[in-house]
S.K.: 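Sharing a structure below in structure tokens format, with a few things to ask.
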Number of protein chains: 2
Amino acid sequence: MRSTKARRDILDLFHNEDVPLSADYVYELLNGEYDRSTIYRNLKNFENNGKLRSIVFSDKITYFYKGSEHFHFIYCVKCKKFERFDLCYSESISKYITENLGYKVLGHTLYFEGICKNCQEEMKK
Amino acid sequence: MRSTKARRDILDLFHNEDVPLSADYVYELLNGEYDRSTIYRNLKNFENNGKLRSIVFSDKITYFYKGSEHFHFIYCVKCKKFERFDLCYSESISKYITENLGYKVLGHTLYFEGICKNCQEEMKK
DNA sequence: TTGCTTTTGCAAATGGTTTGCAAATATTAT
DNA sequence: ATAATATTTGCAAACCATTTGCAAAAGCAA
């Protein structure tokens with residue numbers, strides 16, 4: 001895979017980013033400097049070589065995040081923002097699935113949806 | 001909400017079904033007797049009144065399942081079938097999110113992906 | 001059955017994502 | 001550096017699950 005300006009710019013966005021980004025949001029963060037197809041293609045490339053991971057929420061949009069760590073998200077259905085949390089019981093569930101159902105587990109997806117603190121305050125007004 | 005043949009036929013499919021069904025599969029199971037828009041509209045109706053729940057997998061297709069119970073799924077990426085499992089630690093995670101992040105939790109999605117026993121055998125051949 | 005409301009089928013629209021292709025850019029050998 | 005080769009980009013069109021507008025059909029109460 002060659003190093004191009006588009007790829008460097010896209011990947012840079014994720015370095016200090018803790019929450020998942022959609023292709024469209026990446027496009028906007030880069031001020032439309034690259035075509036959407038370029039963004040989509042490269043996000044997928046990064047996912048294939050492990051630099052990014054992706055998750056699909058109930059809105060059916062793919063969100064990407066750094067592939068180096070393992071964590072999960074809670075999504076506020078009002079303000080549409082994510083927050084990260086690290087608690088995860090996947091290992092014990094994986095064990096259960098492997099031992100009792102015989103699967104070879106490849107991965108899992110876990111996310112919560114709710115209303116964040118700020119939005120709860122907003123709604124009281 | 002009125003009782004129509006379409007609604008009765010659609011809902012009947014879920015009574016003895018343990019795994020999630022897509023709108024398209026519902027359409028096929030009913031031999032194309034109803035228009036896809038009818039299927040889509042009614043699945044969404046059922047979800048709104050609690051008769052069904054839905055989950056979106058990484059394929060971005062909405063799958064519906066009986067709303068009466070709470071359970072999760074493991075999906076075989078080879079044979080594309082689901083299997084249900086009931087183990088879930090969502091309550092302790094919910095508690096964590098509520099107490100530490102201040103969210104009001106509305107729901108969660110948890111699924112695993114892997115390769116089922118049969119497909120593992122197949123792959124050995 | 002009448003009259004009113006909801007539901008259905010059809011066709012067209014939607015929207016995120018993908019793809020074909022020619023032009024532009026990165027890499028490699030000269 | 002330069003030319004030769006392979007990859008990547010931008011553009012426009014295609015995809016595909018899902019949604020929507022609208023007129024005809026079906027459910028339901030009186």
S.K.: Within a 6.0 Å radius of atom NZ on A/K66, are there more than 12 heavy atoms belonging to other residues, nucleotides or ligands?
M.R.: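 Counting other residues, nucleotides and ligands, NZ of A/K66 exceeds 12 neighbours.
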S.K.: Ignoring backbone atoms, establish whether B/T4 has a side-chain N or O less than 4.0 Å from OP1 or OP2 of C/dT8.
M.R.: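 The answer is yes; a side-chain N or O of B/T4 sits under 4.0 Å from OP1 or OP2.
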S.K.: Whether the A/H72 and A/H108 side chains hold a donor-acceptor pair (N or O, under 3.5 Å, no angle test) is what I'd like checked.
M.R.: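 The criterion, which ignores hydrogens and geometry beyond distance, is satisfied for A/H108 and A/H72.
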S.K.: Can you pull the contact range of chain B along DNA chain D, 5' to 3', using atoms under 4.0 angstrom from its heavy atoms?
M.R.: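 Contact boundaries, 5' end first: D/dA17 to D/dC28.
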S.K.: For A/S3, report the nucleic acid contact type (base, sugar-phosphate, nothing); a contact means any heavy atom under 4.0 Å.
M.R.: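 Touches sugar-phosphate only.
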S.K.: Kindly state whether the ring of B/F73 and the ring of B/F71 have centres lying under 6.0 angstrom apart.
M.R.: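 Yes, the ring of B/F73 comes within the 6.0 Å limit of the ring of B/F71, centre to centre.
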S.K.: Counting C-beta onward and ignoring hydrogens, is there a side-chain heavy-atom pair between A/E113 and A/Y75 closer than 4.5 Å?
M.R.: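 Contact flag for A/E113/A/Y75 side chains = yes.
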S.K.: Tell me whether the count of non-hydrogen atoms from other residues, nucleotides or ligands lying under 6.0 Å of OH in A/Y25 goes above 12.
M.R.: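 Count not over threshold, so no.
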S.K.: Got a sec? Which of residues 57-67 of chain B come in under 4.0 Å of DNA chain D, heavy atoms?
M.R.: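 Residues of residues 57-67 of chain B that come under 4.0 Å of DNA chain D are, in numerical order, B/I61, B/T62.
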S.K.: With a 4.0 Å cut-off on N to O distance, would you call A/R7 and A/D9 a salt bridge?
M.R.: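 Looking at A/D9 together with A/R7, the answer is no, because their closest N to O distance does not fall below 4.0 Å.
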S.K.: In terms of hydrophobic clustering (I, L, V, M, F, W, Y; side-chain heavy atoms under 4.5 Å; direct or indirect links), are A/Y103 and B/V19 co-clustered?
M.R.: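 No, A/Y103 does not connect to B/V19 through the hydrophobic network.
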S.K.: Would you say the rings of A/Y63 and A/F82 are close, in the sense that their centroids are separated by under 6.0 Å?
M.R.: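 Centroid separation for A/F82 and A/Y63: below 6.0 Å.
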S.K.: Which residues, if any, of residues 33-55 of chain B bring a heavy atom under 4.0 Å of DNA chain C?
M.R.: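 Under 4.0 Å from DNA chain C: B/E33, B/Y34, B/D35, B/S37, B/T38, B/R41, B/N42.
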